[in-house]
Amino acid sequence: MGSVPNLRGDYAKAAPDYSVEQDWAAYTPDEHALYRRLFERQSKLVPKYACPEWIEAISGLDSAQQIPKFTDVSKKLKGKTGWEIVAVPGLVPDDVFFTHLANRRFPVTVWLRKPEEFDYIVEPDVFHDFFGHVPLLFDPVYADHLHEYGKGGLKAMRLDAVKWLARLYWYTIEFGLMKVDNQVKAYGAGLLSSGGELAYSVDSPKPRRLPFDLERIMRSEYLIDRYQETYFVIDSFDQLMQETAPDFTPLYQKLRS
Ligand code: PHE
Ligand code: CO
C-alpha cells in the first residue's frame, strides 16, 4: 500500500484507476514454473500454520499449477462475496487503493518476482497478492471487513490519518494472527506468502503475540525489511469486524494529541 519511489512495475499502460490487462499469455514457462515452486513450498506449511478460512478457500481455487487467470478467479469470487480482482502494475497510490477496496475490487500485481527473490521480496508480486490475499476474500466476514477498511481509508485521507489506518492494515491484513482452538494460526497475507516468517510468527519464542488492541496497533510502527517483533492475535474475523466498526475519528484525534 502507499506510493513508493522506484516502483518496478510497468505503469505506462495503466488506466486512471491504475488497472491494466493481465496479459496472461505473456507469462513465460519459467515464470509459471517459479510460481509453481513458490506455491509448493507454501503448501507444505499452510496446513499447520494457516487459519481454516484460508485453507478452505485455496482448495477451491485450482491455482497450484500456473499463475492464475484473474478473470476466471474473479467470476468465482464475484458469485461468492461480490469481490473481484483488478490487475495492477504494482503498488498504487493510497486513494486508488482505498477506492478499489471500497468498491470490492482487490488490486493484484501482475508481475512475478525473479528466481533470486524466491525467499524474499520487498514489493508485493503476483504470488504474494494472489496466494496471500485472494483466498480470504471468499470468506464473507473478512470480505465485508476489507470493504469497510477501504471506505475507512477514504475517510482517513480526509482526516489526514492514513498513517494510523495503514498500521491497522499492516498488523491485521498483512501480518495478523488468529487464535483457533487455542492454537495460533496466520491469516495475514505477508505471513501466508512467506517461506520463513509464516512458521516464525507462530512458533518462535522471540516475537510478542498480543491480543488485538486497536489503539496499540495504531501506536506501533512497523518494520518492512525484517520479521515483525510484535504480532496481534484476533479471536475471529467477527471480532475484527466488531472492533473496527466504531467511528475512528475520536481515536485519530487522541493519537494526534
Ligand atoms: N470504523 C472505521 C472509521 O470510522 C472504518 C474502518 C472499518 C476502518 C473497518 C478499518 C476497518 O474510520
Ligand atoms: Co499484501
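Owing to the predicted nature of the structure, the values given are computational and were not obtained by experimental measurement. Both counts, for ligands and for their atoms, begin at 1 and track the order of listing. Keep in mind that the numbers below use all heavy atoms, side chains included, and drop hydrogens, waters and symmetry copies.
The closest non-hydrogen atom to atom 1 (N) of ligand 1, taken over Thr249, Thr244, Leu168, Ile173, comes from Thr244. Checking His147, His145, Lys151, Gln242 against atom 11 (C) of ligand 1, the nearest heavy atom belongs to His145.
Residues His145 and Phe237 place their aromatic rings such that the two centres sit no closer than 6.0 Å. When ring centroids are compared, Phe130 and Tyr35 stay outside the 6.0 Å threshold.
At a threshold of 4.5 Å between non-hydrogen side-chain atoms, the residues Leu191 and Tyr49 do not count as touching. His128 is listed as a side-chain neighbour of Glu174, based on a closest heavy-atom distance under 4.5 Å.
Ranking protein heavy atoms by distance to atom 10 (C) of ligand 1, first place goes to Tyr149 CD1, 3.5 Å. Among protein heavy atoms, atom 5 (C) of ligand 1 sits closest to Gly152 CA, 3.7 Å. Scanning the protein for heavy atoms near atom 8 (C) of ligand 1, the closest one is Phe248 CE2, 3.5 Å.
Draw a line from the Co ion (ligand 2) to NE2 of His128 and another to OE2 of Glu174, and the angle between them is 140° (to 10°).
Residue Ala245 has at least one heavy-atom neighbour below 4.0 Å for each of these atoms of ligand 1: 1 (N). Below 4.0 Å from some heavy atom of Asp247 lie the following atoms of ligand 1, by number and element: 4 (O). Atom numbering of ligand 1 starts at 1 in the shown order; those under 4.0 Å from a heavy atom of Glu148 are 6 (C), 7 (C), 9 (C). For ligand 1, the atoms sitting less than 4.0 Å from at least one non-hydrogen atom of Pro246 are 1 (N), 2 (C), 3 (C), 4 (O), numbered in the order shown with element in parentheses.
For the pair Arg216 and Phe232, the NZ or CZ position fails the cation-pi test of under 6.0 Å to the six-membered ring centre and within 45 degrees of the ring normal.
At under 3.5 Å, a nitrogen or oxygen of Lys155, whether backbone or side chain, sits near a nitrogen or oxygen of ligand 1.
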Pair Lys76-Asp62, salt bridge (Lys or Arg N to Asp or Glu O under 4.0 Å): steps then yes or no: CA-CA 11 Å; Lys76 293 185 192 175; Asp62 188 23; 5.7 Å; no
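For the 3.5 Å distance criterion, the side chains of Asp30 and Thr28 fail to qualify, holding no donor opposite an acceptor.
Environment of OH in Tyr252: crowded, with over 12 heavy atoms of neighbouring residues, nucleotides or ligands closer than 6.0 Å.
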